Amino acid sequence: MTLGRIIAVLGVIAAILLALLFVVYPDLSWILPVAAAAEAKPIDDLFRLMLAVSVVLFVGVQGLLIYFVWIFRLKPDEPEDAVGSSLHGDNRLEISWTVLPALFLVVLTILSLRAMDDLGLRPGLGEREIGVEARQFAWTFNHPETGIVESGRLTLELGVPVTLAIGAVDVNHAFWVPEFRVKQDATPGFTRYITITPTKTHREVGYDDPTRPGFPLRCAEFCGIGHSAMLARVLVLDSAEYARWEAEAIAQAAESPGRAIYVAQGCGGCHALEAIGAVGVVGPTHNNLAEIAGQRVNDAGYTGTAQTAQDYLKESIRTPGAYVVPGFGNVMQAYGPDSISDEELDQLVDWLLDPRP
Ligand code: CUA
């Protein structure tokens with residue numbers, strides 16, 4: 001077969017693969033998670049373009065490689081030390097394989113900059129703004145219009161664009177929900193923005209496990225010992241469900257301030273507590289704390305100064321290193337009066353000793 005024919009055959013193979021990519025499977029769900037936000041489209045379009053160019057390059061390079069290995073093999077009638085004719089460059093080839101990829105990169109840069117414009121990386125683009133605070137190792141979400149604070153769980157309304165104002169209190173983290181595509185850094189001292197317009201509810205996509213509903217939100221920046229456990233869920237509700245959730249959340253915060261503080265501080269990111277469905281494993285459990293804390297202060301190995309269960313819990317929040325529960329690391333940040341006031345600390349501890357949902 002001549003080189004011309006081989007190129008024609010490779011062209012047909014590439015064309016078939018491109019037809020599969022653009023015509024038969026145009027949604028990328030065979031290779032990417034389901035797209036569940038309007039902002040996923042510019043990302044997916046770029047991904048598809050790069051995939052198409054990669055397909056053409058891959059078929060061309062691998063096809064010619066195999067062809068040349070075959071036609072320049074040692075023929076049976078040649079001596080074993082036969083030497084092939086040597087070539088010394090080809091200016092047209094050299095120039096074209098330098099200029100063409102460079103041009104493609106320029107085009108890709110322009111398209112990427114345009115796509116970034118569609119991602120809502122500036123404040124004020126959404127209908128609502130939600131504060132996102134990352135800390136080792138929990139996510140807290142703040143709805144300033146209603147005063148609702150969520151932790152470990154972010155509730156969004158279907159079809160309503162929200163701008164997330166993302167910050168961090170300790171080290172670098174990153175906000176990432178693969179179904180929304182866009183990833184954003186959470187950097188101490190900075191506020192960074194992304195806008196998300198959910199186009200599918202979590203149930204539509206199959207994240208309807210009653211114990212852990214919602215799109216998985218993960219931290220995408222290695223941030224310490226609990227990084228892999230720094231997970232949260234994003235619930236996308238239709239308008240009626242969202243209105244109901246909002247009313248309930250407002251009522252609940254007014255009824256139980258201790259619970260609201262626990263949620264706002266993101267304690268459930270690291271600790272388990274059945275009453276609110278928290279399943280953190282970085283720190284010791286918060287179930288049965290009344291009993292555990294009462295016994296702890298009398299334990300032989302106890303190194304703190306507290307005498308009562310209340311004091312023990314306060315000490316564990318203000319000075320976590322005073323006593324480190326066996327089996328866990330001394331990794332918790334101290335919560336001083338600037339993050340939890342003395343009055344709030346009383347409310348929080350009262351609720352921890354008798355946590356109600
Ligand atoms: Cu936070 Cu990794």
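Ligands are counted one by one from 1 in listed order, and the atoms in each one are counted from 1 as well. What you see is a predicted model; the values in this text were computed from it and never measured.
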Just checking, Arg192 and Phe190: is the charged tip under 6.0 Å from the six-membered ring centre and within 45° of the axis? yes
Do Glu157 and Ser239 pass the side chain to side chain donor-acceptor pair (under 3.5 Å) test, and can you show the C-alpha distance, the side-chain angles, and the key distance before you say yes or no? CA-CA 6 Å; Glu157 184 174 351; Ser239 304; 3.0 Å; yes
To the nearest 10°, what's the angle at atom 2 (Cu) of ligand 1 between atoms ND1 (His227) and SG (Cys223)? 120°
I'd like to know if atom 1 (Cu) of ligand 1 has an N/O/S atom from Asn172 within less than 2.8 Å of it, counting both backbone and side-chain atoms. no
Applying side-chain hydrogen bond (donor to acceptor under 3.5 Å, both in side chains) between Tyr207 and each of Arg212, Glu179, Lys200, report the one that passes. Glu179
I'd like to know if atom 1 (Cu) of ligand 1 has an N/O/S atom from Cys219 within less than 2.8 Å of it, counting both backbone and side-chain atoms. yes
Report the residue from Thr308, Asp342, Asp346, Thr319 that forms a side-chain hydrogen bond (donor to acceptor under 3.5 Å, both in side chains) with Lys314. Asp346
Atom name of the N, O or S atom in His173 that lies nearest to atom 1 (Cu) of ligand 1: ND1
When you compare the side chain of Arg48 with that of Leu21, does any pair of heavy atoms fall below 4.5 Å? yes
For Glu221, the N, O or S atom at the shortest distance from atom 2 (Cu) of ligand 1 is O
